[in-house]
Every structure is written in C-alpha cells, then in structure tokens.
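Structure, as structure tokens:
FYI, the numbering just counts along the sequence from 1.
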Amino acid sequence: MSSHVYKVVEIVGSSPESIADAVKSGIARASKTIRHIGWFEVVNTRGHVEDGEVKHFQVTMKVGFKMED
C-alpha cells in the first residue's frame, strides 16, 4: 500500500447569492490552479450587510489536495 502526502491551503469563496454558491465558486476557482483537490472544510462564514439586507456571502475554507510525486 502506498502512502500519500496531502497539503492544505485556505481560500475564501464569495457570492452575492448564497453560502453554497460561495463554496462552489471558491472550489471552482481553486481547481484552475490546484490539482487533485479531494476535500474542503468550511471554517468560517461571514457576510456583508447593507441597508439591513444581506448583500454578499464569504466562506473561508480549508482545501486539501494530494501532492504529486
């Protein structure tokens, strides 16, 4: 059985629509430059309020990926 080494980076996804869209946009963007993404963990959620309404969502995520040989 071979062993694998993983790296974890932290990213922030954002969306004016929803928390789920913020996660999806962050992972989609990270996937353009990081290969072998295997998982993510939401570590923080926050948003921007304007005139008493939620205008923007931000989600901080830890993203794990397998390192190449």
Side-chain angles (χ1 to χ4, degrees):
M1 172 182 249
S2 63
S3 60
H4 301 287
V5 175
Y6 297 87
K7 181 162 180 78
V8 178
V9 296
E10 193 168 85
I11 65 169
V12 178
S14 63
S15 169
E17 302 301 319
S18 69
I19 291 169
D21 282 348
V23 170
K24 290 176 184 178
S25 71
I27 295 297
R29 176 59 185 89
S31 294
K32 292 181 180 182
T33 56
I34 301 172
R35 292 187 297 274
H36 312 298
I37 293 176
W39 57 268
F40 71 91
E41 173 187 0
V42 173
V43 295
N44 193 358
T45 306
R46 63 186 164 274
H48 174 72
V49 177
E50 194 174 297
D51 296 324
E53 294 183 19
V54 175
K55 293 293 182 179
H56 211 85
F57 301 90
Q58 288 185 326
V59 178
T60 304
M61 296 167 275
K62 290 183 180 180
V63 177
F65 59 95
K66 186 172 72 172
M67 296 184 70
E68 296 177 341
D69 292 332

| field | Verify same cluster id: V12, V23 (apolar side-chain graph, 4.5 Å) | value | no
| message | To the nearest 0.5 Å, what is the distance between CD on E68 and NE2 on H4? | response | 13.0 Å
| query | Do side-chain atoms of S25 reach the backbone of S14 as a donor and acceptor pair under 3.5 angstrom? | reply | yes
| request: Tell me, yes or no, whether the heavy-atom count around K55 atom NZ, taken from other residues, nucleotides or ligands under 6.0 Å, exceeds 12. | output: yes
Kindly list each side-chain donor-acceptor pair under 3.5 angstrom involving residues 40-50, sequence neighbours excluded, with atom names and distances?
residue : atom : partner : partner atom : Å
R46     : NE   : Q58     : OE1          : 3.0
R46     : NH1  : T60     : OG1          : 3.2
R46     : NH2  : T60     : OG1          : 3.4
H48     : NE2  : E50     : OE1          : 3.4

| field | same_hphob_cluster(I37, V9) at 4.5 Å side-chain heavy-atom cutoff | value | yes
| remark: For V59 and A22, the nearest pair of non-hydrogen atoms, with its separation, is CG2-CB, 3.7 Å
| query | How close do A30 and I11 get, heavy atom to heavy atom, and via which atoms? | reply | CB-CD1, 4.0 Å
| Co-members of W39 in a cluster of I, L, V, M, F, W and Y side chains, linked at under 4.5 Å | V8
